[in-house]
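Note sheet for the following structure.
As a basis for the values below, the full set of heavy atoms in this structure was taken, side chains included, without hydrogen atoms, waters or symmetry mates.
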Amino acid sequence: MNNTVFKFEIPQNESIAAYGPRSNSRLKLEKEIAFLLSAKTEIPLIIGGKEVRTGNLGSVVMPHNHKHILATYHKAGKQEISEAIAAAMDAKNKWMSLSWVERASISVKAAELISVKYRHLLNAATMLGQGKNVHQAEIDAACETIDFLRYNAYFASQIYSDQPRSGFDQLNRLEYRPLEGFVFSVSPFNFTAIASNLNMAPVIMGNTTVWKPATTSLLSNYILMKIFQEAGLPDGVINFIPGEGSLIGSEVIKHKDLGGIHFTGSNKTFNFLWKSVGENIEKYKSYPRIVGETGGKDFIIAHPTAIPAQVATAIVRGSFEYQGQKCSAASRAYIPISLWNEIKVNILRQMSDIKVGPPTDFSCFVNAVIDKKSFDNCMKYINLAKNDPQVEIIVGGEGDDSKGYFIQPTIIVTKNPHFTTMEEEIFGPIMTIYIYEDSDFIEVLTLCDSTSPYALTGAIFSTDRYAVVDAMEHLKYAAGNFYINDKPTGAMVGLQPFGGSRKSGTNDKAGGPLNLLRWVNPRTIKETFVPATDFKYPFLKS
């Protein structure tokens, strides 16, 4: 037996490929895009390492061309859900007994496979299936996924080495056991990296998972699953079951061996899962760990000392990268009246250069929103703004879903700081701006804190350090990730662990050790070398 005490060194974040014209990386990517466009991939379930085809089929279409079927997938029924849970439980004992170094080796091998072998395939699937331009796909599907897989090995190394102090008369240890039961992972459409981490974070700590992927990200998620298998992930450790969320959720939640839920998605779904766990609490062997990241109504606040060009760029990038379909996307801004004209001119100049179109056209900054439901939701808010006298749309405000689900990036200016689009999450390319009197800066901080039920990300722009400190203090609980002179999105694994509280989730900080700690059930072990032989303490003597 190799009894070396091993630790992983802190990794470097994966370098971002530029995909410039005629570059080798772009040529390879274009080849994978052409392959996926012609392949019409069939996506089975993967249960206990075996591909399962139920014959109950669904289609995966491209957001920018919804008549093009990119893939067909098999849907899980009650029998397959039960089999996935059984496979996860069957694999658990052997997996949790394996040295954590061996588990971590699979994680870092998967990272290397993505980095050098499957980078362009995974990016192509994310571009076509989830509507991301090449840069957004690269920083998500490639770089962030790789960073999660490498950093988690490092964080696990730190956690396992953290031990209590022992004395000469005793030995004290902490065992970091996995949870008792399986973990239900529910992944969203918008980040391939999140889909990976929702599974691989619990898995590296010795857990097994039942994975419900979002239908609109199935192609990239299936490729991920195949990469994990190629990296050496044993059968049954992750069980991939596409299908109807309501059916899968209801079957999983009532199972006695549910050990935890790792979730990213809507408040509505997370609330349903949490309530369902409460309703079934008497059935469980242990109280399930519930870890979730949900919505956001993320803000940018400019102080009168802010630099207008910086604020304008943060609004354009923070609001419209990936069509605003990030939990961290900026969607409301508070601008002092003294800076507004200059910021507005700068915004309109930048917006005039934005091209909207398919991700296969590399000159497009903005692409289609994910599906018809999202398109209709965005247009609902735009039409609301068009019909309100307190509101002005200064750019955008149009949509066309005849071929793809395209929404023009839209900026609304409102005289009402509680207008609907200042308060409700939209998850689309819509930013609402409120103009305030310079003297009302402190009042605006209070307004921002109390306007939205969410608390995910936010930013302050100022060259006055006192103003920055005021903002951090007044907005202490308004954002789990707070940015000074930067857009409130783009957190990097290992550098800015990500998560928020209030209605934005449980704030368990993906991309840092805190998240991994949620997937262990520690046991303290004390060994006494020379035990007492009499109950009497010295104070009892005459």
Minimum heavy-atom separation for [X] to [Y], with atom names?
X    : Y    : value
G494 : Y151 : CA-CE2, 3.6 Å
E423 : T451 : CG-CG2, 3.5 Å
S402 : K67  : O-NZ, 3.4 Å
A17  : E138 : N-OE2, 2.9 Å
C364 : V356 : SG-C, 3.9 Å
A88  : T208 : O-OG1, 2.8 Å

Q | Candidate pair E14 and S115, rule side chain to side chain donor-acceptor pair (under 3.5 Å), full reasoning | A | CA-CA 8 Å; E14 180 75 358; S115 180; 2.9 Å; yes
Are [X] and [Y] linked by a side-chain donor-acceptor pair shorter than 3.5 Å?
X    : Y    : result
N346 : K344 : no
T72  : S59  : no
Y118 : E230 : yes
E251 : S82  : no
D298 : T457 : yes
S328 : T489 : yes
S217 : S220 : no
N152 : N515 : no
Q130 : T216 : no

Q: Kindly determine whether T432 and S331 satisfy side-chain contact (heavy atoms from CB on, under 4.5 Å), including the steps that lead there.
A: CA-CA 6 Å; T432 305; S331 60; over 6 Å; no
For the [atom1] atom on [X], are there more than 12 heavy atoms of other groups (residues, nucleotides or ligands in this structure) within a distance under 6.0 Å?
X    : atom1 : result
K415 : NZ    : no
R502 : CZ    : yes
K75  : NZ    : yes
K40  : NZ    : no

Strictly distance-based, threshold 3.5 Å: is any side-chain N or O of [X] a donor or acceptor partner for the main-chain N or O of [Y]?
X    : Y    : value
N207 : P202 : yes
T410 : Q408 : yes
T414 : P417 : no
N13  : V493 : yes
Q323 : N367 : yes
N133 : Q136 : yes
K503 : P453 : no

Q: Please list, chain by chain and in numerical order, all residues satisfying side-chain hydrogen bond (donor to acceptor under 3.5 Å, both in side chains) with N190, sequence neighbours excluded.
A: none
Once you round to the nearest 0.5 Å, how far does [atom1] of [X] lie from [atom2] of [Y]?
X    : Y    : atom1 : atom2 : result
E424 : Y381 : CD    : OH    : 3.5 Å
I343 : F461 : CD1   : CZ    : 9.5 Å
I194 : T264 : CD1   : OG1   : 5.0 Å
F320 : I315 : CZ    : CD1   : 9.0 Å

Whether [X] and [Y] hold their rings parallel, tilted or perpendicular, with breakpoints at 30° and 60°:
X    : Y    : value
F189 : F427 : perpendicular
H262 : W519 : tilted
Y405 : F375 : tilted

If we only count heavy atoms from C-beta on, is the [X] to [Y] side-chain gap below 4.5 Å?
X    : Y    : answer
Y436 : L447 : no
L219 : L36  : yes
I412 : I430 : yes
L224 : L122 : yes
Q325 : I370 : yes
N123 : L29  : yes
P429 : V369 : yes
S187 : W211 : yes

(Q) As a quick check of understanding, evaluate side-chain contact (heavy atoms from CB on, under 4.5 Å) for M62 and L37, giving each step before the final call. (A) CA-CA 10 Å; M62 299 191 299; L37 284 172; 3.6 Å; yes
Q.
Please enumerate all residues that pass side-chain contact (heavy atoms from CB on, under 4.5 Å) together with S363, with sequence neighbours excluded.
A. K355, D361
Would [X] and [Y] pass as an ion pair if we require N to O under 4.0 Å?
X    : Y    : answer
E244 : K212 : no
D376 : K372 : yes
E30  : K28  : no
K226 : E51  : yes
E83  : K78  : no
E321 : K487 : yes
R289 : D508 : no

Q.
Using the rule given for side-chain contact (heavy atoms from CB on, under 4.5 Å), can you reason through I407 versus D400, listing the C-alpha separation, both sets of side-chain angles and the distance that settles it, and then say yes or no?
A. CA-CA 7 Å; I407 302 282; D400 181 0; over 6 Å; no
Q: Check the pair R53, E42 against salt bridge (charged side-chain N to carboxylate O under 4.0 Å, His left out), reporting the backbone distance first and the verdict last.
A: CA-CA 10 Å; R53 290 169 172 81; E42 180 187 11; 3.2 Å; yes
Q: Take V277 and L258 through the test side-chain contact (heavy atoms from CB on, under 4.5 Å) and record every step on the way to the result.
A: CA-CA 9 Å; V277 167; L258 177 67; 4.3 Å; yes
Q.
Using the ring centroid of each side chain, check whether H255 and Y284 are separated by less than 6.0 Å.
A. no
Q | Pair T192-T126, side chain to side chain donor-acceptor pair (under 3.5 Å): steps then yes or no | A | CA-CA 7 Å; T192 304; T126 301; 2.9 Å; yes
Q) Cation-pi between K132 and Y322: NZ/CZ under 6.0 Å from ring centre and within 45° of the ring axis? A) yes
